[in-house]
Amino acid sequence: MSGYEPKTIERKWQQVWAEEKTWEVANPGQPGFDPAKPKSYVLEMLPYPSGEPHVGHLKCYAVGDAIAHFRRRHGFEVIHPMGYDAFGLPAENNAIKTGEPPRAATERSIESFRRQFREWGISIDWSRELGTHTPEYYRWTQWIFLRLLERGLAYREEAPVQWCPKDATVLANEQVVDGRCERCGTPVEQRRLEQWFLRITEYADRLLADFDLLESWPEHVVTMQRNWIGRSEGAEVAFRCEELGLDFPVFTTRPDTLFGATFFVLAPEHPELERLVAGTPAEEAVREYVNRVARESVEERGDEGREKTGVPLGRSVVNPVNGEEIPMFVADYVLMEYGTGAIMAVPAHDTRDYEFARAFDLPVKRVIEGTDPEAARDEQGLPYPGDGAMTGSGRFDGRHNREAYEEIVAWLRSEGRGEVSVNYRLRDWLVSRQRYWGAPIPVVYCERCGEDGAPAIVPVPDDRLPVELPEIEDYAPQGRSPLAAAEGWVATECPRCGGPARRETDTMDTFVDSSWYFIRYLDPQNAGAAWDRAAADHWLPVDQYIGGVEHAILHLMYARFFTKALADLDTLSVQEPFANLFTQGMITRDGAKMSKSKGNTVSPGEYVARYGADTARTYICFMGPPERGGDWSDEGVEGVNRFLSRLWRLCGEVESREAAGLEAGAAEGQARELLAKAHWAIDKATRDFERGFQFNTAIAAVMELVNDAYRLKEGLYADPAGVAAVRFAAATAASLIFPFAPHLGAEVWERLEGGRVWENAWPVADPQLLRSDTVTLVVQVNGKLRDRIEAPAGAAEDELLALARASEKVQGHLDGKQVVKEIVVPGKLVNLVVR
RNA sequence: GCCGGAGUGGCGGAAUUGGCAUACGCGAUCGACUCAAAAUCGAUUGCCCUUACGGGCUUGUGGGUUCGAGUCCCACCUCCGGCACCA
């Protein structure tokens with residue numbers, strides 16, 4: 001047999017899988033559907049097709065494919081689809097640069113991804129392939145949008161939004177990182193614009209509560225989402241400005257510190273600011289301050305460490321708990337977007353208020369006893385954010401603040417000055433984008449249907465979907481969507497009154513497209529509905545989701561929100577889309593993140609061409625635990641290639657030798673030793689799979705098996721029973737490596753056992769062969785290893801002790817000393833404690 | 001600052017319930033095969049002392065619990081990721 005030539009065998013099996021449509025599965029009611037088989041939905045996050053796939057894609061799909069294969073061979077009907085998240089900015093920016101239309105570049109990239117997925121041998125049900133940029137898909141994205149609109153979950157509103165000047169579009173909060181555009185790194189600006197939002201905040205509590213419904217998600221992902229949602233319980237309390245007869249509500253998590261409020265601060269964007277200072281001496285200074293803040297970037301303003309600034313308003317409000325008049329200020333450390341845009345300042349117990357009080361020489365009034373040695377800054381131990389006995393708080397003095405908390409809120413309530421309140425850090429999801437390459441938002445604006453001069457928002461009826469994306473010439477954004485230039489497309493007729501109307505020219509954030517794709521896979525060709533309910537009910541939820549941790553918040557939270565909203569629309573029966581989540585770590589090169597500018601990228605195509613897909617996939621799974629990152633090493637790839645070649649050669653040797661007459665139970669000597677190793681490897685690999693996808697150690701176990709076969713084979717080749725043992729070892733190795741190296745696994749299995757390895761159940765270790773007659777007894781003196789003795793497996797404690805004491809090496813350490821204690825762990829260890 | 005995660009040979013990493021630290025792979029050294037090289041096969045490979053036998057030390061640092069700690073507890077150091085003026 002010739003040497004290991006991955007090209008040949010990989011092509012052979014890829015052809016088999018394509019021709020026989022091996023990985024296609026049927027929906028309930030379709031021919032070939034087996035209701036007796038349990039289902040398993042294994043899904044990797046769909047790729048964004050830009051250029052060629054990179055090594056992160058290879059890792060994601062190699063990991064997912066291993067899981068899919070493992071489940072199939074445990075009797076599950078595994079659905080394992082693939083698609084493309086094809087709308088998005090890079091294709092459009094490329095179009096602006098090169099003139100190549102986004103559709104053409106995207107299709108070209110999809111072709112490349114599709115070809116490489118086949119070359120990698122990923123077991124995909126290709127009959128379910130989809131692209132989010134096709135009218136057949138985005139028709140239903142638009143359909144879902146309309147359902148959300150009907151429910152009031154989609155709305156259009158003028159609000160301060162984050163604007164990226166480079167990409168010339170608004171961004172969702174989640175897409176702004178450290179005050180910069182997530183995509184291009186440009187500092188974002190704040191603008192007031194009318195935009196489309198999805199009411200994700202309505203689901204904040206359910207998004208939090210339903211973490212309980214998940215089977216297994218990485219703890220840190222749950223934590224990140226929890227922090228992002230940022231639920232805070234507290235109270236809303238009204239402070240009254242008597243001069244103007246205005247109530248100013250504030251949100252506070254610390255109503256127990258109300259007695260310590262010594263001043264009051266409004267955000268620069270607060271709507272009542274104008275009224276408060278109009279015609280007063282403070283007017284000029286306040287206006288100047290507000291203008292200055294408005295010019296600052298989001299990044300500058302967000303800096304926590306900066307000096308506190310602000311301007312007094314010359315007005316005051318009354319503290320409802322003690323009737324004290326406290327002065328009002330405007331300051332940029334108060335944010336309009338959170339709470340009510342106004343705060344009561346308690347400098348004694350809040351660091352930020354304390355800093356402001358220091359800068360403006362305002363009184364600091366302690367109302368909670370105690371000091372925090374870490375945080376305290378002055379001789380009184382203030383500010384103190386912790387708990388303790390109340391003081392300076394009238395009838396609450398002496399009470400513990402946490403105990404009095406409820407009572408204070410109840411009292412405010414009875415006085416009509418306050419109410420229990422909950423606030424979230426989470427904002428509604430801004431989904432409109434002033435860009436071309438996305439799904440059009442399916443509404444039109446009709447003057448005739450409108451009122452008070454404002455045009456009416458008229459949804460496009462379902463039967464006129466999709467609203468197709470028109471072909472245009474110029475993709476460059478000019479502060480409005482490039483679609484606005486497509487006059488023939490924009491001008492339309494109102495579906496309600498038939499009069500002239502204009503189309504919405506914004507498109508949807510691509511995260512909308514990817515918030516429901518995992519449902520469309522279940523019924524991808526359905527032209528009459530987004531999906532068939534029975535198909536969705538059968539396959540959902542996704543049993544195992546795999547992807548990069550960079551989507552911990554964005555995609556994973558949006559998809560959870562969509563699932564809940566769709567369940568509320570009575571189109572789904574699950575509340576959570578992804579029962580189990582696995583996040584893979586990033587592969588680096590030379591210790592650094594791969595990037596074209598650094599020139600340290602790894603092209604999967606190159607390695608596949610050189611070593612074969614099996615080697616590339618197995619190497620990636622062998623690098624280390626897949627949830628952790630790892631540094632790519634060319635030598636490591638060679639090592640894995642060596643291992644696969646060794647298995648290949650072993651197969652060739654054993655195939656050409658006569659094998660017969662092996663009774664597993666009766667095997668002796670080296671034959672038994674090798675069989676035992678094979679069963680050990682089965683047991684080890686199976687447990688590693690089940691224990692959180694520890695592929696690196698599972699592969700190591702198969703390596704050990706092949707190494708042992710090499711060590712023992714010369715002796716075993718002497719008789720047919722021995723050859724049979726080696727043959728069993730090689731076939732077992734092929735079976736176990738199949739999830740990582742499917743082509744080689746299939747080929748070796750076919751040669752040695754005949755038939756298709758994937759049609760065989762995952763092997764089960766024979767407990768007879770996992771057991772051994774003798775064990776290695778570890779003998780310690782004072783906890784230090786002194787000898788290893790072969791002992792009978794079932795030996796009693798005194799027997800083991802006698803063996804241990806009989807050891808010469810041990811006796812050398814007992815000399816002249818007294819044994820004060822003997823510890824025996826049967827089957828494992830003896831420890832003699834001497835003095 | 002707050003919330004996560006991680007520190008083990010020259011390197012990637014293993015150690016499943018508190019019980020043989022360093023599996024497996026890389027790299028390195030030596031040997032076999034070869035005219036030679038590559039490939040392959042085999043041996044050695046944590047550090048220190050020792051010709052050897054053997055001994056001592058070792059899982060970021062310092063303490064503790066235990067017959068026994070990489071694993072549990074306390075304090076600290078370093079690195080990575082997330083959030084960050086959210087009242």
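Numbered from 1 within each chain, the chains take letters A, B, ... in sequence-line order. Since this is a predicted model, take the numbers as computed values, not measurements.
Between the side chain of A:Lys828 and the base of B:rC20, no donor-acceptor pair of N or O atoms lies under 3.5 Å.
One finds no salt bridge joining A:Asp634 and A:Arg610 here, because no Lys/Arg side-chain nitrogen approaches an Asp/Glu carboxylate oxygen to under 4.0 Å. Between A:Asp353 and A:Lys308 no salt bridge is recorded (no basic side-chain N to carboxylate O distance below 4.0 Å).
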Show each protein N/O and nucleotides 6-12 of chain B N/O combination with a separation under 3.5 Å, one pair to a line.
from   : atom 1 : to       : atom 2 : distance (Å)
B:rG12 : O2'    : A:Met623 : O      : 3.0

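Phosphate proximity of B:rC57 to A:Lys784: present, with a side-chain N or O under 4.0 Å from OP1 or OP2. Using a 4.0 Å cut-off, some side-chain N or O of A:Arg691 falls inside it from OP1 or OP2 of B:rA15. Between B:rA87 and A:Arg425, no contact under 4.0 Å exists linking OP1 or OP2 to a side-chain N or O. The phosphate of B:rG19 has neither OP1 nor OP2 within less than 4.0 Å of any side-chain N or O from A:Arg788. The phosphate of B:rA87 has OP1 or OP2 within less than 4.0 Å of a side-chain N or O from A:Ser232. Residue A:Asn707 places none of its side-chain N or O atoms closer than 4.0 Å to OP1 or OP2 of B:rA23. Within the structure, a side-chain polar atom (N or O) of A:His813 is placed less than 4.0 Å from OP1 or OP2 of B:rG55.
Side-chain atoms of A:Glu704 lie closest to B:rA23 of the nucleotides B:rU16, B:rC41, B:rA23. Of the listed nucleotides (B:rA14, B:rG25, B:rC41), B:rA14 has the atom at the smallest distance from the side chain of A:Thr697. Picking from B:rG25, B:rU40, B:rG55 the nucleotide with the shortest atom distance to the side chain of A:Arg642 gives B:rU40. Distances were taken from every side-chain heavy atom of A:Arg649 (C-beta onward) to each of B:rU40, B:rU16, B:rC24; the shortest belongs to B:rU40. Listed candidates were B:rG19, B:rC85, B:rC26. Nearest to the side chain of A:Arg306 is B:rC85.
Within 6.0 Å of atom CD in A:Glu790, more than 12 heavy atoms from other residues, nucleotides or ligands are found, so the atom counts as buried in its surroundings.
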